[in-house]
Amino acid sequence: MLTVENATQWLINFAKKVNEQKEFLTELDSAIGDGDHGSNMARGTKAMEDKLIEGGFTTVQDVFKTASMLLLSKVGGASGPLYGSALMGMAKQAGNDEKDLVAILNAGLEGIQKRGKAEPGEKTMVDVWAPVIHALESGKLNKETIQEAVNQTKDMKATKGRASYLGDRSIGHMDPGATSSGYYFEALLEGDIIDE
Ligand code: ADP
Ligand code: MG
């Protein structure tokens, strides 16, 4: 179950993973975008981490809302508003019911889709969020299912975002935003949040 403490730790762990994989994310974005996803995400998640470490939050909603605002203002690119919308959707839903993780994540996915208008199969972060939430609902979420979802973006043709400019040439490369979303869910798994 989500608590202020484990929600905070989850996002701090996400920031750590992004930082460790900054070069890799940039490499992926250099192949099908403009090569800034690693630096965008590292800058934004570092600002988020610094704020979360200060603590003083009273609700899960408060944690997600704070994270949302920092990602929105500090990540930049396409992914800043998308992660910002995800965390804002999650914050709103956590305000309704802190206990229902699936509903919270679905509200996050809805935030991404409202903002970016991408459907599954368009080689975006949606292609990780959607199957991961499905797997969680059926009690099958593990590191392998996350990695599989990330890997599946390799064979997709991008039809949204900057990578769509490449058309067929986007095929054969993993999507950077899907990859960073994979770290988001790995951090969730490691957070002792999901009930057995
Ligand atoms: P930019 O494309 O502006 O340089 P980033 O490099 O930070 O921004 O982020 C690129 C990532 O954003 C992509 O790999 C993809 O996962 C995600 N993305 C782009 N457009 C959309 C969209 N419309 N819906 C969902 N995700 C998107
Ligand atoms: Mg980019």
Side-chain angles (χ1 to χ4, degrees), residues 11 14-49 64 67-91 93 104-135 145-188:
L11 296 176
F14 170 50
K16 291 208 156 64
K17 287 178 188 295
V18 165
N19 212 279
E20 281 164 16
Q21 301 297 331
K22 181 179 161 180
E23 267 85 56
F24 180 55
L25 291 173
T26 286
E27 199 182 297
L28 293 176
D29 196 36
S30 301
I32 58 168
D34 56 355
D36 62 355
H37 191 62
S39 51
N40 282 348
M41 289 300 295
R43 181 179 59 241
T45 55
K46 178 72 176 70
M48 174 187 77
E49 181 183 2
F64 289 156
S68 163
M69 290 189 303
L70 281 157
L71 294 179
L72 184 69
S73 63
K74 297 283 193 316
V75 173
S79 52
L82 290 163
Y83 274 106
S85 300
L87 265 307
M88 193 51 81
M90 288 174 56
Q93 180 55 31
I104 290 172
L105 292 175
N106 266 322
L109 173 60
E110 226 172 83
I112 293 173
Q113 291 191 285
K114 257 194 197 145
R115 167 72 65 159
K117 312 272 181 262
E119 294 297 327
E122 296 198 276
K123 200 182 184 90
T124 71
M125 52 180 76
V126 168
D127 294 304
V128 167
W129 280 73
V132 159
I133 296 170
H134 254 271
T145 37
I146 296 170
Q147 195 52 51
E148 203 178 299
V150 173
N151 289 342
Q152 274 178 4
T153 64
K154 196 167 170 179
D155 299 329
M156 293 175 184
K157 174 178 164 179
T159 45
K160 284 282 183 315
R162 207 180 282 277
S164 66
Y165 306 157
L166 290 181
D168 285 339
R169 280 182 297 133
S170 67
I171 298 170
H173 303 276
M174 254 158 43
D175 179 62
T179 307
S180 60
S181 293
Y183 304 146
Y184 186 78
F185 291 112
E186 274 179 22
L188 168 67

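Both ligands and their constituent atoms are indexed starting at 1 by order of listing. Note that the numbering runs from 1 along the sequence shown for the chain.
A donor-acceptor pair under 3.5 Å is absent between the side-chain atoms of Lys157 and the main chain of Glu122, judged by distance alone. A donor-acceptor contact shorter than 3.5 Å is absent between the side chain of Thr26 and the backbone of Asp36. A distance-only check finds a donor-acceptor pair linking the side chain of Ser170 to the backbone of Ala158 [under 3.5 Å]. Using a distance-only test at 3.5 Å, with no hydrogens or angles considered, no donor-acceptor pair links the side chain of Lys17 to the main chain of Gly182.
Nearest protein heavy-atom neighbour of atom 2 (O) of ligand 1: Arg162 NE, 3.5 Å. The protein heavy-atom contact nearest to atom 17 (C) of ligand 1 is Met125 CE, 3.9 Å. Looking only at heavy atoms of the protein, atom 13 (C) of ligand 1 is closest to Asp175 OD1, 3.5 Å. Among all protein heavy atoms, the one lying closest to atom 9 (O) of ligand 1 is His37 ND1, 3.2 Å. Shortest contact from atom 21 (C) of ligand 1 to any protein heavy atom: Leu82 CD1, 3.6 Å. Nearest to atom 7 (O) of ligand 1 among the protein's heavy atoms is Ser79 OG, 2.6 Å.
Applying the 6.0 Å contact sphere to NZ of Lys74 captures no more than 12 heavy atoms from other residues, nucleotides or ligands.
Looking at Asp175 and Met156, their side chains never come closer than 4.5 Å, going by heavy atoms from C-beta outward.
Numbered from 1 in the order shown, with element, the atoms of ligand 1 that lie under 4.0 Å from a heavy atom of Asp36 read 4 (O), 5 (P), 6 (O). For ligand 1 and Ala178, the ligand atoms under 4.0 Å from any heavy atom of the residue are 16 (O). Under a 4.0 Å criterion applied to the non-hydrogen atoms of Asp34, ligand 1 contributes the atoms 4 (O). Each of the atoms 6 (O) of ligand 1 lies under 4.0 Å from some heavy atom of Asp29.
Among Ser181, Ala163, Gly177, Gly161, the residue whose heavy atom sits closest to atom 20 (N) of ligand 1 is Gly161.
In terms of N/O distances under 3.5 Å, ligand 1 is approached by Gly116. Checked against a 3.5 angstrom limit, the closest N/O atoms of Ala118 and ligand 1 fall outside it. Checked by distance only, ligand 1 and Lys117 stay at 3.5 Å or farther apart across all their nitrogen or oxygen atoms. Polar contact with ligand 1: present for Ala78 (N/O pair, distance under 3.5 Å).
Atoms of the protein (N, O or S only) found under 2.8 Å from the Mg ion (ligand 2) are Asp29 OD2, Asp34 OD1, Asp36 OD1.
The aromatic rings of Phe14 and Tyr83 sit tilted relative to each other, their planes meeting at an angle between 30° and 60°.
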